[in-house]
Amino acid sequence: MDPTVTGSWQPTAALVRSVVTASTVLLAGVALGRPELLVLAAPFGLAAALSAAHAPRSQLRTTLRVAHRWLHEGQSTRLEVAFESSDDLDQVTATLSPPAYVAVQPVSGACSAPVQPDEEATLGFTVSPRRWGERSTGSVVVAATTPWGGFRWGPQRLPETNVIALPENRAFRSGETPHPDGLIGQNRSRRGGHGSEFFAIRPFQPGDPLRRVNWRTTLRTGELHSVGTSAQEDSAVLILLDAVTDVGASGGLDGSASSLDVTVRAASALAGHHIRVGDRVALRVLGRSGQVLGPGSGLRHQRRLEELLAQVRPGWPEALSLTRLRLRIGARSVVVVLTPLLTPDITTAMVTLARRGLDVVCIDTLVAGTMPDTARDPRSPGALAWRLRLLEREIQLTEVARRGIPVTPWRGPGSLDDVLRRLAQRSRMPREVPR
Amino acid sequence: MSTVVGERRRIYPGIDQALLRGAVVVGAMTSIVAAQAAGARPKLWEDALLTVLTLILALRPESSTGVVLLVGLAYVWSTVSDPLSPLVLVAAAGMVLLHVAALTAAQGPAAMRIEGAQVRRQARRATLLWLAAATVWALDLVADGLPDGRLVYATGLTLLLAIAAVATWMVSSRR
């Protein structure tokens with residue numbers, strides 16, 4: 001949509017007031033022979049004349065610009081209204097009605113500035129999306145007046161612009177992944193190689209650097225031994241995001257978080273962490289929007305992943321049936337499922353993936369105390385239905401745990417440390433693979 | 001499903017807007033008091049009507065009640081016993097103050113902040129408008145010695161010519 005708007009000039013109430021007062025009082029003074037009335041009419045006559053002398057002759061054009069279309073939730077950008085006119089302008093005014101989850105500075109949403117001659121007339125607001133997703137910056141109404149306030153352009157409503165708020169990307173640290181199998185990365189591999197972590201003291205092999213020779217063992221055994229280090233490799237991580245339901249009220253970044261808020265922010269933090277350590281990260285959203293992103297690494301991939309996360313819409317996915325749920329990931333990948341565990345189909349999918357031999361980690365994104373608005377009244381049928389749903393959730397949690405899938409609540413950075421460490425230990429043990 | 005948390009947006013005039021709207025009231029009251037000091041005795045209902053009109057203009061500075069208010073204030077002054085008293089300049093100053101204050105307040109919503117530069121610019125303009133009244137008053141005093149009946153016509157015509165000259169000069173300078 002073209003953000004440029006033109007309108008028409010209209011005489012102001014001040015001009016009408018000046019003209020009518022001056023002419024009425026002047027005529028009365030002359031007709032009645034009252035010279036003092038001319039004294040009172042003079043200022044308004046002069047104001048009317050000066051206002052008329054600055055009558056505009058051309059159209060005014062206004063343009064709405066947003067400095068950054070993509071930004072993280074909580075960050076702010078500048079929304080600028082530019083006025084273009086060949087006539088002199090005296091004052092420009094803009095008001096902004098921000099929608100939900102958008103904070104505006106100045107808080108009143110009204111901004112006005114006198115225009116200096118030969119200077120570009122611009123007004124600016126600072127807007128900050130407080131929740132991830134595509135957000136309108138709000139409805140902007142602008143007006144401008146000529147010198148001496150004789151004519152006004154507007155108030156004119158400008159077309160709204162949108163910004164895409166990427167989910168908050170908080171610093172995240174976590175342990176090793178169970179099956180590193182790539183060439184680069186920072187995960188400790190099960191095989192020896194060039195790395196920094198101690199792996200074993202083993203007989204010297206051609207190619208070992210001399211500084212790695214362990215002289216104590218060499219002297220004791222009589223054979224040359226060197227210190228072996230484990231290789232550092234990357235691994236593949238699939239983030240499976242449950243966006244079927246969104247429970248609880250979202251207060252944006254400054255308020256309470258809904259289950260989908262926790263899910264999306266956790267996914268963003270996880271992806272950021274794994275990409276930073278060189279892992280290949282893939283995304284699959286099980287929701288109405290159904291975003292799919294293949295495995296990749298690097299900052300560009302992380303940005304693309306965050307963009308997809310910002311467009312997540314809650315709703316029932318088309319491809320949730322197990323026959324159609326093809327994840328296209330390698331056998332040694334780690335699947336991190338972010339779910340509030342309120343949809344049995346997601347639990348079934350999770351169990352199926354675990355049975356295929358994949359390492360599945362479940363992150364519970366239902367924060368304690370979160371409930372839908374309909375369940376706020378404890379005596380309402382909604383509260384009863386919610387209690388039944390929580391009982392069903394307990395059954396799902398038990399089922400998931402019984403299948404050996406670790407479940408951990410999202411507690412911010414470090415949530416997965418213990419779980420991934422245990423998974424890595426478990427992956428080194430022999431296990432029975434169901435056929 | 002996720003629900004939008006409604007937040008009541010607080011829209012209220014700041015201290016600058018309150019002062020501006022107060023200036024409308026002060027201007028009108030100054031004009032009435034100056035007229036009474038010069039000998040005018042407006043009836044109670046006239047005072048009440050002007051006060052109501054003043055309050056309406058202060059609350060809605062873009063309304064057309066300003067026309068009625070200014071004409072009413074001129075009428076009140078017309079009832080004084082000494083028409084060319086210096087107090088007429090005080091009355092004119094009050095009328096100019098209320099006009100300029102209402103004009104500035106009408107340039108945006110009530111929550112709009114008024115810039116200092118805008119206040120100074122409007123103050124300069126108000127002074128210029130008041131000087132026009134002072135000039136005409138001085139002309140009236142000079143022409144007071146002329147034969148009765150011609151004074152008003154002479155001053156009125158001079159004023160009209162002056163306004164026409166200023167407007168013509170302003171328009172021609174822009175072409």
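As a basis for the values below, the full set of heavy atoms in this structure was taken, side chains included, without hydrogen atoms, waters or symmetry mates. The sequence lines fix the lettering, A, B, ..., with proteins before strands; numbering per chain opens at 1.
- Contact count versus chain B (heavy atoms, under 4.5 Å) is highest, among A:Thr24, A:Asp90, A:Leu15, A:Val16, for A:Asp90.
- Identified by a heavy-atom distance below 4.5 Å to chain A, the contributing residues of residues 86-106 of chain B are B:Val88, B:Leu89, B:Ala91, B:Ala92, B:Met95, B:Val96, B:His99, B:Ala102, B:Leu103, B:Ala106, in residue-number order.
- When heavy atoms are compared at a cutoff of 4.5 Å, A:Pro99 does not approach chain B at all.
- Nearest heavy atoms, A:Val127 versus A:Val102: CB-CG1, 4.3 Å.
- Of the listed residues B:Gln107, B:Glu62, B:Gln122, B:Glu115, the one with more heavy-atom pairs under 4.5 angstrom with chain A than any other is B:Gln107.
- Each of B:Ala117, B:Pro61, B:Ala74 has some count of heavy-atom pairs under 4.5 Å with chain A, and the biggest count is that of B:Ala74.
- Close approach to chain B, defined as a heavy atom under 4.5 Å from one of its heavy atoms, is seen in A:Thr145 of residues 132-146 of chain A, taken by number.
- A pairwise comparison of heavy atoms in B:Leu50 and B:Leu69 identifies O-CD1, 3.6 Å as the closest pair.
- In this structure, chain A has heavy atoms under 4.5 Å from both the backbone and the side chain of B:Arg125.
- Remark: the backbone N or O of A:Asp246 is not paired with any side-chain donor or acceptor of A:Ser258 at under 3.5 angstrom.
- For A:Thr21 (side chain) and A:Ser18 (main-chain N/O), no donor-acceptor pair under 3.5 Å exists by modelled atom type.
- Per-residue counts of heavy-atom pairs under 4.5 Å with chain B were compared for A:Gly252, A:Ser51, A:Gly45, A:Ser259; the largest is that of A:Gly45.
- Between chain A and the residues B:Pro109, B:Ser78, B:Gly108, the largest count of heavy-atom pairs under 4.5 Å involves B:Ser78.
- Nearest heavy-atom pair, A:Leu253 versus A:Glu73, reported as atom, atom and distance to 0.1 Å: CD2-O, 3.6 Å.
- Between A:Leu60 and A:Trp9 the shortest heavy-atom distance is CB-CZ2, 4.0 Å.
- Between B:Thr79 and B:Val76, the shortest heavy-atom contact is OG1-O, 2.5 Å.
- The main-chain N or O of B:Asp82 is never found under 3.5 Å from a side-chain atom of B:Ser85 such that the two would form a donor-acceptor pair.
- For A:Ser380 (side chain) and A:Thr374 (main-chain N/O), a donor-acceptor pair under 3.5 Å exists by modelled atom type.
- Closest heavy-atom contact between B:Met112 and B:Ile114: CE-CD1, 3.5 Å.
- Contact annotation for A:Leu46: both backbone and side-chain heavy atoms come within less than 4.5 Å of a heavy atom of chain B.
- No side-chain donor-acceptor contact under 3.5 Å links A:Thr245 to the backbone of A:Val247.
- Counting heavy atoms from C-beta outward, A:Thr122 and A:Phe83 have side chains that stay 4.5 Å or more apart.
- The backbone N or O of A:Pro167 sits nowhere less than 3.5 Å from a side-chain atom of A:Arg265 that would complete a donor-acceptor pair.
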